[in-house]
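Since the structure comes first, as structure tokens, the remarks are kept for the end.
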Amino acid sequence: MNDSPGWASPGSSPSDGERPGTDGGAQQPAAPEQPAQPTGGPKWSAEQPPPGQWSSPGTTPETPQAQPQPTTGWGQQPGTPQAGQYGYPGGPGQWGRPAAAKPGVIPLRPLGLGEILDGAVATMRTHWRSVLPITLVVATVVQIISVIVQKFMLDDITFAADPDAGPEEVFDSLGSTLGASAVIQFIQALGTIVVTAMLTMVFSRAVLGQQSSVSGAWREARPQLLRLIGLTLLLALGAVLLGAVLILPGALTDNVGLVILGVFVWVPLLIWLGITFSLASPALMLEKSSVLKAFARSSKLVKNTWWRICGITILTTLIAFFISAMIVAPFQILSLLVFSGGLDALEDGSGMNNWGALIAPAIGLIIAQTIVMPFQSGVTVLLYVDQRIRREGLDLELARAAGLENYGTTGG
């Protein structure tokens, strides 16, 4: 029996004097009073396995059919390797993945990359009545506010069209640009927090095969929403302080080499910390914990699997980026050719700030975020579930929550 946390093998390896049976991988001694008859001539051993329990690889046995396999648990399934040949996924001697109960969008066992991505997409497709309104409403509100901010805060960007503009005008324009960008990023961060909180609840129920409503997701997410905001702000503040410590000394002393060294140290640290705490959000929401405990839980779950989670996270980000780019690009081209006055107007900045040029890309962003945000949130939640299954046997708790009372008890 594999004793890894959160994993139960389909059955124990046969011990001496015993043969595996068909009832969920249970082991039974051969009955001496009912010996099987040799079927392959004098070269066959006189002692044969009981009928219906063994078959030659790649052939269909002519003996009576084996007893029905249990529908839950880790029982050995027909046509799969015999018990004892499985470890956790990726272990030595593995022929495939053991069958597992699947009450919702994922099987209740350690997941592969394809199953995590497929589970996120399946949830979006199956539970679209809950997912779509959440992301569509939040994305629409965020983009409306962003368009208004850009329209009324970026009117000062005129220095590019005026070659005689002095340093004061240039700095005023840059200040307006940075201020508008800060406001837009803050609004988008708040929208992402709300979406993450509500979608975490939707995906957690989708794992159990349960439906969620928008009101139900909001009701479950609301008590933890302020803590999730605090968690997000702490992550952002930590990234800024880390950058200040590493880069500011070189900037204050006009030492370019020290600045470059600080950047080269800062970026890898940001990536490492980002992956280490990437599961803090679902831990906070689903375990109803505090911010500091959520950070500790994420660090514990990611430990020793950092590269795997990093790879899945990077792949998910790339997929989301390409999906967004394909959706937004046509709207940006439309904005450029129809509303912005072409390349000349874009070059001198005169066509950047009319309503049409701002609204067209915003529509593309609304569509892209409606698709991308639940996909990314779903992958994060399923990674959290997967890590807890691997380390803590969460599949047993999920099976009980889904109504599978005998899960994990019949497969040995």
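As the structure is a computational prediction, the values presented were derived from the model and not from experiment.
- For the residue pair Val131 and Pro374, the shortest heavy atom distance occurs at CG1-CB, 3.4 Å.
- Electrostatic pairing of Lys293 and Glu287 does not count as a salt bridge here, judged by no charged N lying under 4.0 Å from a carboxylate O.
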Step-by-step side chain to side chain contact (heavy atoms under 4.5 Å, CB included) determination, Thr370 to Thr140
CA-CA 9 Å; Thr370 301; Thr140 301; over 6 Å; no
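- Taking OG of Ser130 as the start and CE of Met198 as the end, the distance is 9.0 Å to the nearest 0.5 Å.
- How far CZ of Arg222 is from CG of Leu228: 15.0 Å, rounded to the nearest 0.5 Å.
- Heavy-atom minimum distance, Ala402 versus Leu208: CB-O, 4.0 Å.
- Taking the side chain as every heavy atom from C-beta outward, Thr313 and Thr380 never approach each other to under 4.5 Å.
- With a 4.5 Å cut-off on side-chain heavy atoms, Leu190 and Phe186 count as touching.
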Side-chain atoms of residues 256-284: list all donor-acceptor pairs with protein atoms under 3.5 Å, sequence neighbours left out, distances to 0.1 Å.
| from | atom 1 | to | atom 2 | distance (Å) |
| --- | --- | --- | --- | --- |
| Trp266 | NE1 | Ala239 | O | 3.1 |
| Thr276 | OG1 | Trp272 | O | 2.7 |
| Ser278 | OG | Ile275 | O | 2.8 |

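- When all heavy atoms of Gln210 and Ala401 are compared, the pair lying nearest together is NE2-O, 3.8 Å.
- Gln224 places a side-chain N or O within donor-acceptor distance of the main-chain N or O of Ser289, the cut-off being under 3.5 Å.
- How far CG of Leu318 is from CD1 of Ile323: 11.0 Å, rounded to the nearest 0.5 Å.
- Of the listed residues (Arg297, Arg308, Glu392), just one forms a side chain to side chain donor-acceptor pair (under 3.5 Å) with Gln387, and that residue is Arg308.
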As a quick check of understanding, evaluate side chain to side chain contact (heavy atoms under 4.5 Å, CB included) for Ile184 and Gln150, giving each step before the final call.
CA-CA 8 Å; Ile184 292 171; Gln150 292 178 74; 3.5 Å; yes
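- In terms of modelled atom types and a separation under 3.5 Å, the side chain of Thr126 and the main chain of Thr123 share no donor-acceptor contact.
- Counting heavy atoms from C-beta outward, Gln143 and Gln188 have side chains that approach closer than 4.5 Å.
- Under a 4.0 Å N-O distance rule, the pair Arg109/Glu115 qualifies as a salt bridge.
- In this structure, Ile193 CD1 and Leu225 CG are separated by 7.5 Å, a value rounded to the nearest 0.5 Å.
- Looking only at distances, no side-chain donor or acceptor of Asp395 sits under 3.5 Å from a matching main-chain atom of Ile389.
- In terms of heavy-atom proximity, Leu383 sits nearest to Ile116 at CD2-CD1, 3.8 Å.
- Checking side-chain atoms of Ser335 against main-chain N and O of Phe331 turns up no donor-acceptor pair under 3.5 Å.
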Does the side chain to side chain contact (heavy atoms under 4.5 Å, CB included) test come out yes or no for Val105 and Val121, once each step is laid out?
CA-CA 9 Å; Val105 295; Val121 175; over 6 Å; no
Should Leu117 and Thr316 be marked as a side chain to side chain contact (heavy atoms under 4.5 Å, CB included) after you check the CA-CA gap, both sets of side-chain angles, and the distance that decides it?
CA-CA 8 Å; Leu117 300 179; Thr316 303; 4.0 Å; yes
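- In this structure, CE in Met201 is found 11.5 Å from OG1 in Thr196, a value given to the nearest 0.5 Å.
- Looking only at distances, no side-chain donor or acceptor of Ser299 sits under 3.5 Å from a matching main-chain atom of Ala296.
- Taking all atoms of both residues into account, the shortest heavy-atom contact from Ile366 to Ala139 is CG1-O, 3.8 Å.
- Within the model, atoms CG of Leu394 and OH of Tyr384 stand 7.0 Å from one another, a figure rounded to the nearest 0.5 Å.
- Taking every heavy atom of both residues into account, Ile106 and Gly119 meet most closely at CG2-CA, 4.2 Å.
- Looking only at side-chain heavy atoms (C-beta outward), Gln369 and Thr135 stay at 4.5 Å or farther from each other.
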